[in-house]
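Working notes, beginning with the structure itself.
Just so we're clear, the structure is a prediction, and the values are computed from it rather than from any experiment.
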Amino acid sequence: QESRGAKERAYFLDAETAAQVAAAYGIRVPVSGIAATADAAVTLAEKAGYPVAMKLIAPGVVHKADVGGIVLHLTDGAQVRETFARLVGNDAARRVMVQQMAPRGQEVILGAQRDAQFGPLLMFGMGGIYVEVFKDVAFRLAPLCESDARTMIAETAAGKLLQGVRGQSPGDMDAVVDTLRRVGQLVSDFPCILELDINPLIVGSAGQGAWAVDVRVAVKGEG
């Protein structure tokens, strides 16, 4: 899928490949796989462990939630089969990504874009459905050290929520810092990566870690 907003011609990796790229840099991603048949989807769901999520993989679809292409909290094989039939239909070009559901936690967004003058620029802020509403983000050049990562996070409302408010337990700040630094190193090491977004990164309580649930990666195309 071509990225029209990028200054260079680019295309998005499919969801499974993007997750594998993140995992290769030590970023924690849920167990997942791609299925082209309902039987394969059920097998993957049993391997990942219920509950699972299913995400549409189809040409031209980047923002899956906008087209109803994400279904959460599936708890058995019958639900997986029904969801597969609804998402794929008779379109042979469509597949589904079956993914282990991450535990509940605070949703934040991590991202990176390659600036023509300054190089890779990292972004952190409120994730999930709130990123477009509150515009709560901070920026830094990558790669960055631990202290810079912590300062960056602290500049945002998302960072303050991670510290724990109104009796809520603090989020795993160390896991967020680690993930942010790994994203920065990844985009620094590979100039072919023009954009990278993790939205959401689900952050568990202190000591539980964080999970990159949805990873998007745009890389340089040819021509």
Side-chain angles (χ1 to χ4, degrees), residues 3 5-8 10 12-13 18-30 102-220:
S3 173
K7 293 182 179 180
E8 299 181 64
F12 284 94
L13 303 180
Q20 290 172 351
V21 169
Y25 261 65
I27 297 167
R28 190 177 185 182
V29 297
R104 292 183 180 275
Q106 183 177 333
E107 295 187 359
V108 299
I109 182 173
L110 278 65
Q113 288 191 337
R114 191 166 301 278
D115 184 87
Q117 182 176 359
F118 298 106
L121 185 67
L122 287 175
M123 178 266 288
F124 172 84
M126 193 82 76
I129 62 174
Y130 300 108
V131 62
E132 295 294 336
V133 177
F134 294 111
K135 309 291 185 183
D136 172 56
V137 293
F139 296 92
R140 287 293 190 284
L141 293 176
L144 73 173
C145 64
E146 180 178 347
S147 61
D148 284 344
R150 291 187 183 277
T151 300
M152 178 184 181
I153 294 168
E155 291 176 358
T156 66
K160 294 177 175 62
L161 289 173
L162 284 170
Q163 295 174 7
V165 294
R166 296 197 175 187
Q168 293 184 349
S169 60
D172 197 330
M173 188 71 74
D174 290 344
V176 178
V177 169
D178 181 69
T179 305
L180 189 60
R181 295 188 66 199
R182 289 177 186 275
V183 169
Q185 194 63 55
L186 171 58
V187 296
S188 297
D189 288 348
F190 291 92
C192 62
I193 297 177
L194 298 178
E195 303 173 22
L196 190 154
D197 289 317
I198 298 175
N199 185 28
L201 179 77
I202 296 183
V203 186
S205 299
Q208 291 184 345
W211 296 263
V213 171
D214 198 349
V215 184
R216 295 196 311 133
V217 178
V219 298
K220 289 180 182 179

| task | State, to 0.1 Å, how close Gln185 and Pro143 come at their nearest heavy-atom pair, and which atoms those are. | result | OE1-CB, 3.9 Å
| message | Looking at Ala157, is its backbone amide N or carbonyl O close enough to the side chain of Asp136 to form a donor-acceptor pair, meaning the two atoms are under 3.5 Å apart? | response | yes
| said: If I compare all heavy atoms of Phe118 with all of Asp115, which pair ends up nearest, and what's the gap? | reply: N-OD2, 2.8 Å
| Between Pro30 and Ala212, which heavy-atom pair has the shortest distance, and what is it? | CD-O, 3.3 Å
| Pairwise distance CE(Met123) to CZ(Phe139) - rounded to 0.5 angstrom | 6.0 Å
| remark: To the nearest 0.5 Å, atom CZ of Arg140 lies from atom CG of Leu180 at 10.0 Å
| message | Pair Thr156, Phe124 - check side chain to side chain contact (heavy atoms under 4.5 Å, CB included), show working. | response | CA-CA 8 Å; Thr156 66; Phe124 172 84; 3.4 Å; yes
| task | Would you check if Pro200 and Trp211 make a side-chain contact, meaning some heavy-atom pair closer than 4.5 Å? | result | no
| task | Show the numbers, then the answer: is there a side chain to side chain contact (heavy atoms under 4.5 Å, CB included) between Leu162 and Val176? | result | CA-CA 9 Å; Leu162 284 170; Val176 178; 4.1 Å; yes
| task | Quick one: do Val177 and Glu146 satisfy side chain to side chain contact (heavy atoms under 4.5 Å, CB included)? Show the steps, please. | result | CA-CA 7 Å; Val177 169; Glu146 180 178 347; 3.9 Å; yes
| note | Interatomic distance, CD1@Ile153 vs CE@Met173, rounded to 0.5 Å, equals 6.0 Å
| query | Is there a donor-acceptor pair closer than 3.5 Å between any side-chain N or O of Asp172 and the backbone N or O of Gly209? | reply | yes
| Shortest non-hydrogen contact from Asp189 toward Pro191 | O-CD, 3.4 Å
| said: I'd like to know if the side chain of Arg114 and the backbone of Leu121 have a donor-acceptor N/O pair within less than 3.5 Å. | reply: no
| How about Leu110 and Thr179: do any of their side-chain heavy atoms sit closer than 4.5 Å? | yes
| request: Would you please test Leu194 and Val219 for side chain to side chain contact (heavy atoms under 4.5 Å, CB included) and show each step? | output: CA-CA 5 Å; Leu194 298 178; Val219 298; over 6 Å; no
| field | Cationic N near anionic O, under 4.0 Å, Asp174 to Arg150 | value | yes
| message | Once rounded to the nearest 0.5 Å, what's the spacing between atom CG of Asp178 and atom CZ of Arg28? | response | 11.0 Å
| task | Search all heavy atoms of Arg181 against all heavy atoms of Cys145 and return the closest pair with its distance. | result | NE-C, 3.7 Å
| said: Working to the nearest 0.5 angstrom, can you tell me the gap between Arg216 CZ and Asn199 CG? | reply: 8.5 Å
| request: Could you check Ile193, Asp197, Leu186, Ile198 and say which one makes a side-chain contact (heavy atoms from CB on, under 4.5 Å) with Val217? | output: Ile193
| When you measure from the side chain of Gln106 to the backbone N and O of Ile202, does any donor-acceptor pair fall under 3.5 Å? | no
| remark: For Val29 and Ala23, the nearest pair of non-hydrogen atoms, with its separation, is CG2-CB, 3.9 Å
| message | Tell me whether Glu155 is salt-bridged to Lys160, with the criterion being a basic N under 4.0 Å from an acidic carboxylate O. | response | no
